[in-house]
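Inspection log for the structure reproduced underneath, given as structure tokens.
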Amino acid sequence: MSQIVLRRGLLIVLSFLIFAGLTNQCFSLNDQELFGNNSGLSMQAKIDKMIYKLDQEVMITVYLKNKTAEPIDIVEPAIDKSSFMFEIVAPDGKKDKMLSIYGLKLENIRLYPKKRIKFTAKFLPETPGNYDINIKYNGYKNPLSLPAMRIFVVGNLPQQDITLNQE
């Protein structure tokens, strides 16, 4: 008799935990919801490749997307220095904060449902090694940030003629 009661109690607790896990947002495994702070705005960043040469310009493309069914007013990242930030950590530990365009006044952009805005930033690496790129957007009610992206910059090595050492 006690085993039946114990099994039923365990079944009720287990079913409650499964139901709570399915309906609670904190158990979501969607990257956009986790890294977008579960807001109506999501951010995504892309780079062309992972390995660059020392004299190549690195271009970072960032998309801000409205996930809701209503328009959202956001502060334009290219105008406000404090709203959109790229932090680039060089191999020697030096941190640079950059923004591609600076302006004098703040403007609001109306981002319509399921639409996105594209922004690009470029920089020229100075030394070879690993560069970590952190991107943060503060122009919405909750700050959005992405996990650090890492690129590798290789130096330009002189080409050697392989026929010189052959006999």
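In what follows, residues are counted from 1 in the order of the sequence shown. The analysis underlying the following values was restricted to heavy atoms, covering all of them including side chains, and did not include hydrogens, waters or symmetry mates.
Between Met43 and Leu146, the shortest heavy-atom contact is O-CD2, 3.3 Å. For the pair Lys65 and Leu111, the tightest heavy-atom approach, listed with the atom from each and the gap, is C-CD2, 4.1 Å. Scanning both residues, Leu54 and Gly155, for their nearest heavy atoms gives CB-CA, 4.2 Å. The minimum heavy-atom distance between Leu124 and Gln56, with the atom names listed, is CD1-O, 3.5 Å. Pro128 and Pro91 get closest at one heavy-atom pair: O-CG, 3.4 Å.
Taken from CD1 in Ile151 to CD1 in Ile60, the straight-line distance is 7.0 Å, to the nearest 0.5 Å. We find the CE-NZ distance between Met149 and Lys46 to be 11.5 Å, quoted to the nearest 0.5 Å. Separating the CG atom in Asn134 from the CZ atom in Arg150 is a distance of 10.5 Å, to the nearest 0.5 Å. Here the CG atom belonging to Leu11 is positioned 9.5 Å from the CZ atom belonging to Arg8, to the nearest 0.5 angstrom. Between atom CG of residue Leu144 and atom CD1 of residue Ile135 there is a gap of 11.5 Å, rounded to the nearest 0.5 Å. Interatomic distance, Asn66 CG to Ser42 OG, rounded to the nearest 0.5 Å: 8.5 Å.
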message: Before you tell me yes or no, could you show the steps for Val58 and Tyr131 under side-chain contact (heavy atoms from CB on, under 4.5 Å), namely the whole-Å CA-CA distance, both residues' side-chain angles and the distance that decides it to 0.1 Å?
response: CA-CA 11 Å; Val58 177; Tyr131 283 78; over 6 Å; no
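Side chains of Ser145 and Tyr137 form no contact here, defined as non-hydrogen atoms less than 4.5 Å apart. When side chains are defined from C-beta on, Ile133 counts as touching Phe123, because their heavy atoms get closer than 4.5 Å. The shortest side-chain heavy-atom distance between Lys49 and Ile51 does not fall under the 4.5 Å cut-off.
With hydrophobic clusters built from ILVMFWY side chains whose heavy atoms lie under 4.5 angstrom apart, Leu6 does not share a cluster with Ile4. Each of Ile117 and Met59 belongs to its own hydrophobic cluster when Ile, Leu, Val, Met, Phe, Trp and Tyr are linked at side-chain heavy-atom distances under 4.5 angstrom.
With hydrogens and angles ignored, the 3.5 Å screen pairs a side-chain donor or acceptor of Lys114 with a backbone N or O of Lys67. At distances below 3.5 Å, not a single donor-acceptor pair connects side-chain atoms of Asp132 with backbone N or O atoms of Val89.
Counting heavy-atom neighbours within 6.0 Å of Glu57 CD, excluding the residue itself, gives a total above 12. Residue-environment remark: CG (Leu14) exceeds the threshold of 12 foreign heavy atoms within 6.0 Å.
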